[in-house]
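Here the structure comes first, spelled out in structure tokens, and everything after it is commentary.
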Amino acid sequence: MSEYKEIFRAESEEHLQQLNDSLLGLEQNPNDLEYINTMFRSAHTLKGMSATMGFNTISELTHEMENLMDMVRKSQVEVSNGLIDILFECLDTLEALVEAVDSGEEVDIAHLQATLTQAMEGNMPVEHIKNSVATSIDVIQNEIAKDIPDEGTKTQAELDTVIDNIELSDNEKQAMQEAVNDGNRVVSLKVILDESCVLKSARSTLVLINVSKMGDIIKCTPTEAELEDEKFDLDFTVIFATKSADDDIVGAIRKISEIKEVVPTTIAENSGVEEKQQETKAVDTEEKKSASAVKRSDAVKSIQSVRVNIERLDNLMNLVGELIINKIRLNQLASDLNAKDLDESLANLDRLTNEIQTEVMESRMVPIDQIFSRFPRMVRDLAKSEGKQINLIIEGKEIELDRTVLDEIGDPLVHLLRNAVDHGIESEEERKQLGKPVAGLVRLAASRQRNSVLIEVEDDGKGMEPGHLRDVAVKKGLLTREEVDKLSDNDALNLIFMPGFSGAKVVTDISGRGVGMDAVKTKIEALGGSVKISSVPGQGSIMKLQLPLTVAIIQSLMVTVSDETYAIPLGNVIRDVGIKASDIKTIEGKEVIMLRGEVLPLLRLHDILESSTEKEDKQNLIVVVVEKMGSNIGLVVDDLLGQQEVIIKTLDNKLLKNMKGFAGATILGDGSVSLILDIATLI
């Protein structure tokens with residue numbers, strides 16, 4: 001969960017910042033409901049994210065906020081200072097909850113939920129403020145130091161003289177002394193309400209909210225209970241410890257409506273004791289956490305991660321590609337010059353370039369689970385609609401793929417899983433008759449295979465019968481009976497990838513409309529990958545998708561045909577061999593050769609590419625064995641230049657974009673352009 005928690009925290013912090021900015025804007029422009037709309041969207045997203053991750057407390061609080069903001073949108077609740085304060089408290093609590101994700105610590109939100117409920121009922125609540133203030137006082141009173149010297153501070157007699165008509169308990173006096181020794185001022189704040197004020201308890205509560213944000217309340221006259229019950233005239237006094245200036249205090253209180261006058265008076269402050277005499281014992285951490293009001297931290301957090309737009313990463317990858325091309329060019333020039341010093345410098349350049357390339361590629365890698373995680377619910381719903389029981393097993397969720405590749409494989413995997421559920425797994429009655437477990441098995445697995453990733457979709461269903469597939473191809477007019485009879489069983493299985501082919505006896509909402517598998521093949525091959533299928537009638541089927549780690553840089557085998565250089569992706573290459581022309585046989589007008597006990601069809605790239613004639617010496621030929629759809633084919637070339645890492649440049653030109661046989665182009669060290677062969681569409 002750790003990596004997902006990091007993603008959750010990063011995205012949550014963005015939404016919390018959006019909530020904070022919008023709330024600040026709403027406070028300045030209460031009539032601009034666009035701020036509420038923005039907040040609603042952020043809260044809704046945060047609620048969904050937290051519910052998915054199982055952080056129910058965050059989900060519950062954001063849900064309550066959503067309800068309140070929805071009432072504001074519908075003009076059922078008025079935007080007031082009290083509402084703003086409540087939403088800010090919710091925001092601070094959400095921040096604390098997100099921060100507590102790693103530690104697993106719990107934050108009590110019961111008081112906030114009650115507050116939000118009262119606000120939605122049109123009542124500005126005060127109970128949670130009283131609890132907050134009382135808790136703050138209790139914390140200070142219970143945790144004060146017993147042995148702190150009082151040198152340099154006002155004496156208790158002096159304090160008594162300054163505070164007229166206010167009785168202080170010994171604990172309250174001690175709290176004042178401790179606050180002063182800790183570098184705070186003790187302020188007596190007299191607040192006078194307007195004569196027209198109707199809800200005196202609500203206004204006094206808002207004052208206590210703002211005061212508690214600026215410091216620790218020591219004494220309130222009348223008491224909080226008397227303020228709540230409106231057992232006072234129009235004025236009350238709050239004694240609190242703070243580091244805030246008088247102007248800031250007055251400004252914070254003046255924001256509250258129906259406040260006539262605010263008079264702060266410093267009644268105690270530090271007169272200059274040495275720093276070591278000002279040290280106090282720390283308030284116990286656990287008691288601070290138990291306080292019902294969560295205070296927003298003023299500390300500036302260090303940024304641990306940065307979210308980057310994928311287009312910027314694409315541009316960075318293109319620049320790295322250009323760097324590699326120039327590196328290859330420099331290496332080639334250095335070999336021609338045979339300069340030792342230059343060789344050493346280029347060796348360092350080569351190392352640094354490789355490290356940059358690795359870092360850029362790693363920054364684009366994303367766990368495949370971002371795609372896999374959507375499938376359990378999908379398979380469950382499909383199985384339910386079909387009246388089947390399915391056990392879905394997912395393996396290799398931690399395997400990483402380039403973001404571009406990952407974005408493209410979602411739809412193909414949806415097609416394969418749907419076919420497994422609909423075509424593959426039998427009904428419960430059929431499985432019982434066959435002696436199979438009632439619940440069918442669907443397995444989705446990813447694994448690393450050298451420079452590629454293998455994704456398998458397997459089911460233990462009915463499998464596919466090659467003879468049935470031949471009959472379907474003939475019935476649909478895709479092939480003649482003579483053509484299908486010549487196909488091997490493996491080739492017959494590959495008929496399902498033909499456009500318009502469907503073996504379903506009944507068309508359903510899930511599959512069986514003659515589309516899907518050809519789209520899978522087209523999409524995977526467009527990424528430079530391949531699709532293989534194996535099936536045993538009565539036992540099940542396995543679809544294997546071989547995918548490159550990235551579509552930007554690939555390992556290729558460089559070959560020459562006539563005077564041109566071509567790149568064959570190593571993912572398609574099985575081996576290269578030398579053969580004698582005399583060993584070539586002809587079957588039905590097509591060249592083949594026996595290689596390791598198997599018949600290998602031969603194709604001459606000169607003919608396919610319509611290039612100039614082959615070299616005059618045809619007695620010894622070089623063959624590159626490539627794989628396509630599970631079958632091996634030999635490509636006759638003039639020469640092998642070796643393996644090389646190439647940068648894929650797409651053929652964006654309108655005339656070349658849809659040309660079959662080529663996956664793109666690359667620039668070689670000498671500056672010339674080499675086409676990259678697309679085996680899937682070339683042969």
Side-chain angles (χ1 to χ4, degrees), residues 368-397 399 406 408-447 454-466 468-469 472 476 492-524 529 531-547:
I368 204 169
D369 187 44
Q370 294 205 11
I371 295 294
F372 280 11
S373 60
R374 74 170 72 168
F375 296 132
R377 175 64 186 274
M378 185 195 80
V379 170
R380 177 253 182 200
D381 291 344
L382 292 177
K384 189 173 181 180
S385 66
E386 288 287 291
K388 300 176 181 179
Q389 295 183 40
I390 304 290
N391 290 330
L392 175 64
I393 297 176
I394 297 180
E395 302 172 358
K397 295 186 291 186
I399 299 297
L406 199 65
E408 297 295 328
I409 65 172
D411 289 340
L413 289 177
V414 168
H415 284 302
L416 296 181
L417 288 169
R418 282 180 170 176
N419 282 334
V421 173
D422 189 36
H423 291 315
I425 303 298
E426 308 93 338
S427 66
E428 292 185 11
E429 289 72 18
E430 288 179 283
R431 293 183 69 85
K432 288 179 182 178
Q433 294 174 3
L434 294 170
K436 291 184 175 182
V438 174
L441 174 67
V442 175
R443 174 176 165 268
L444 175 62
S447 59
L454 175 66
I455 299 179
E456 297 176 291
V457 179
E458 178 182 4
D459 68 76
D460 69 344
K462 65 185 69 172
M464 287 180 280
E465 174 61 54
H468 172 67
L469 298 180
V472 172
K476 290 182 174 292
L493 291 176
N494 288 318
L495 289 172
I496 66 171
F497 295 112
M498 295 187 69
F501 184 94
S502 175
K505 296 178 181 178
V506 178
V507 175
T508 69
D509 290 335
I510 299 175
S511 56
R513 298 187 181 277
V515 296
M517 295 309 296
D518 60 313
V520 170
K521 176 176 175 290
T522 301
K523 179 69 71 175
I524 298 303
V531 184
K532 294 181 183 179
I533 182 173
S534 60
S535 183
V536 178
Q539 296 184 22
S541 305
I542 303 178
M543 303 293 301
K544 297 183 178 181
L545 311 182
Q546 197 84 23
L547 295 162

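Values below: all heavy atoms of this structure, side chains included; hydrogens, waters and symmetry mates excluded.
Atom CZ in F372 sits 4.5 Å away from atom CD1 in I455 (nearest 0.5 Å). Residue K544 holds its NZ atom at 5.5 Å from CD1 of I542, rounded to the nearest 0.5 Å. Between the CE atom of M498 and the NZ atom of K476 there is a distance of 11.5 Å, given to the nearest 0.5 Å. Taking CG of D459 as the start and CG of L444 as the end, the distance is 12.0 Å to the nearest 0.5 Å. In this structure, L547 CG and I409 CD1 are separated by 5.5 Å, a value rounded to the nearest 0.5 Å. Between D369 atom CG and I394 atom CD1 the span is 7.0 Å, to the nearest 0.5 Å.
Using a distance-only test at 3.5 Å, with no hydrogens or angles considered, a donor-acceptor pair links the side chain of K436 to the main chain of G461. With hydrogens and angles disregarded, a donor-acceptor distance shorter than 3.5 Å links the side chain of D460 to the backbone of L441. A donor-acceptor pair is defined here as one N or O able to donate and one able to accept, closer than 3.5 Å; such a pair exists between the side chain of K388 and the backbone of D422. The backbone N or O of S427 sits nowhere less than 3.5 Å from a side-chain atom of K432 that would complete a donor-acceptor pair. Distance alone, capped at 3.5 Å, is enough to place a donor-acceptor pair between the S535 side chain and the M464 backbone.
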Given the rule in the side-chain contact (heavy atoms from CB on, under 4.5 Å) test, do L493 and L469 qualify, once you have shown the distances and angles that lead to the verdict? CA-CA 7 Å; L493 291 176; L469 298 180; 3.9 Å; yes

V457 and L417: CA distance, side-chain angles, deciding distance, side-chain contact (heavy atoms from CB on, under 4.5 Å) verdict: CA-CA 7 Å; V457 179; L417 288 169; 4.0 Å; yes

Between L382 and I390, does a side-chain contact (heavy atoms from CB on, under 4.5 Å) hold up when you go through it step by step? CA-CA 9 Å; L382 292 177; I390 304 290; over 6 Å; no

Evaluate the criterion side-chain contact (heavy atoms from CB on, under 4.5 Å) for residue pair V472 and L495; output intermediate values, then yes/no. CA-CA 9 Å; V472 172; L495 289 172; over 6 Å; no

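Using a 4.5 Å cut-off on side-chain heavy atoms (C-beta onward), N391 and V442 make no contact. Q546 is not listed as a side-chain neighbour of K532, based on a closest heavy-atom distance of 4.5 Å or more. When side chains are defined from C-beta on, T522 does not count as touching F497, because their heavy atoms never get closer than 4.5 Å.
Classification of R431 and E426 as a salt-bridged pair holds, one side-chain N sitting under 4.0 Å from a carboxylate O. Classification of K523 and D518 as a salt-bridged pair fails, no side-chain N sitting under 4.0 Å from a carboxylate O.
Contact detail for L392 and P376: the closest heavy-atom pair is CD2-CA, 3.7 Å. Summarising the geometry of I371 relative to G410, their closest heavy-atom pair is CG2-CA, 4.2 Å, with the distance given to 0.1 Å. Pairing each heavy atom of I399 with each of A446, the nearest pair is CG1-O, 3.8 Å.
Considering V421, L416, V414 as possible partners of R418, the one that fulfils the side-chain contact (heavy atoms from CB on, under 4.5 Å) test is V414. For the side-chain contact (heavy atoms from CB on, under 4.5 Å) with M543, the qualifying choice from M517, E456, E458 is M517, the only one to do so.
In this structure, S373 has no side chain to side chain donor-acceptor pair (under 3.5 Å) partners at least two apart in sequence or on a different chain.
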